[in-house]
Amino acid sequence: MNRILAVHGSPRGERSHSRRLTERFLQAWLEAHPQGELTRREVGRASLPHVSEAFVAAAFYPEPQARPLSMQADLALSDELVTELLEHELLVISAPMYNFSVPSGLKAWVDQIVRLGLTFNTVQDNGIAQYEPLVRGKKALIVTSRGGFGFGPGGELEAMNHADPWLRTALGFIGIEDVTVVAAEGEESAERTFQVSCAEAEQRLLALARTF
Ligand SMILES: Cc1cc2nc3c(=O)[nH]c(=O)nc-3n(C[C@H](O)[C@H](O)[C@H](O)COP(=O)(O)O)c2cc1C
């Protein structure tokens with residue numbers, strides 16, 4: 001079964017380039033995989049809660065099987081988002097660069113799906129916590145759009161990019177290590193410059209849609 005989960009991280013709708021490129025990819029992916037199933041999860045234009053004290057207490061409760069009902073309620077959305085993630089083999093995330101990182105809605109989604117006992121575990125090794133990923137057999141695509149230029153590998157601003165590299169780290173932490181990044185850069189540059197970058201990103205996405 002080919003199931004793809006599309007997580008949209010931009011607060012913008014039709015004006016969002018990462019969303020538009022992702023939707024273009026999804027359209028091509030569905031054409032190449034007629035039996036494929038697509039689920040969209042909106043996190044850029046939705047109000048996902050920040051991590052709260054109640055969430056931390058519930059998520060890290062020492063006996064998860066005996067978690068009080070009130071704590072289970074504090075984890076209801078997180079449980080739903082984790083289940084949704086686990087039910088899909090493929091993940092595509094539209095992730096704009098905001099202040100060198102990602103929009104807060106996307107960060108909030110990651111905070112909900114990185115869950116002790118569900119997507120990662122801790123194991124003590126001589127008193128030092130070691131982490132064990134629990135998610136298996138998935139691959140991810142990150143489609144990002146940036147105002148500036150040179151944030152990619154080898155670029156002048158690479159060290160300032162805490163958007164897709166951070167997402168890659170967080171996904172790898174839970175076990176999603178097969179991650180591809182496609183970027184459009186220069187939204188704040190001359191229109192022509194950005195158009196070229198978007199066209200290149202689109203070509204990469206259309207090629208990827210056949211094999212993803
Ligand atoms: C609040 C905000 C912060 C931004 N921060 C950055 C940044 O740190 N670096 C950058 O290159 N572009 C930055 N941009 C530009 C966006 O990355 C660019 O507009 C991108 O296309 C947004 O994604 P979207 O089109 O999918 O909404 C920022 C834009 C906004 C609105």
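As the structure lists them, so they are numbered: ligands from 1, and atoms in each ligand from 1.
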**Report entry** Side-chain H-bond candidate by donor/acceptor type, H8 with T22, under 3.5 Å
**Finding:** no
Requested in this report: Starting from atom 5 (N) of ligand 1, find the nearest protein heavy-atom neighbour and note its residue, name and distance.
Outcome: N99 N, 2.7 Å
**Report entry** Heavy atom of the protein closest to atom 12 (N) of ligand 1 (residue, atom name, distance)
**Finding:** G147 N, 3.0 Å
Query raised in the report: What pair of heavy atoms forms the shortest contact from L116 to A59, and how long is it?
Result: CB-O, 4.2 Å
Query raised in the report: Can H162 and S101 be counted as having a side-chain donor-acceptor contact under 3.5 angstrom?
Result: no
Query raised in the report: Under 4.0 Å from any heavy atom of E188, which atoms of ligand 1 are there?
Result: 14 (N), 15 (C)
**Report entry** Distance in Å, L141 CG paired with L26 CG, rounded so as to fall on 0.5 Å steps
**Finding:** 8.5 Å
Requested in this report: Check each atom of ligand 1 against the heavy atoms of R146 and keep those under 4.0 Å away; list them by number with element.
Outcome: 11 (O), 17 (O)
Report task. Hey, could you give me the CD1/CD1 distance between I176 and I113, rounded to the nearest 0.5 Å? Result -> 6.5 Å
Query raised in the report: When you measure from atom 19 (O) of ligand 1 to every protein heavy atom, which one gives the shortest distance, and what is it?
Result: E187 OE1, 2.5 Å
Report task. Return the option from H8, H17, M97 holding the heavy atom at the smallest distance from atom 6 (C) of ligand 1. Result -> M97
Query raised in the report: For atom 30 (C) of ligand 1, what is the nearest protein heavy atom, given as residue, atom name and distance?
Result: Y98 CE1, 3.5 Å
**Report entry** The one among G44, G148, A95 that brings a heavy atom closest to atom 11 (O) of ligand 1
**Finding:** G148
**Report entry** L171 side, atom CG; I142 side, atom CD1 - distance, nearest 0.5 Å
**Finding:** 5.5 Å
**Report entry** Numbering as shown, the atoms of ligand 1 that approach S145 to under 4.0 Å (heavy-atom distance)
**Finding:** 17 (O), 20 (C), 21 (O), 23 (O)
Query - Any side-chain donor near an acceptor of the partner, S78 and R115, under 3.5 Å - result: yes
Query raised in the report: Going by heavy atoms, is F151 under 4.0 Å from ligand 1?
Result: yes
Report summary line: For S10, the ligand 1 atoms with a heavy-atom partner under 4.0 Å come out as 24 (P), 26 (O), 27 (O)
Report task. Flag yes if more than 12 heavy atoms outside E191 fall under 6.0 Å of its CD atom; otherwise flag no. Result -> no
Query raised in the report: In the protein, which heavy atom is nearest to atom 8 (O) of ligand 1, and how far is it?
Result: F100 N, 2.8 Å
Report task. Hey, could you give me the NE2/OG1 distance between H33 and T211, rounded to the nearest 0.5 Å? Result -> 7.5 Å
Query - Any N/O pair P96/ligand 1 closer than 3.5 Å - result: no
Query raised in the report: Any non-hydrogen atom of M160 lying under 4.0 Å from ligand 1?
Result: no
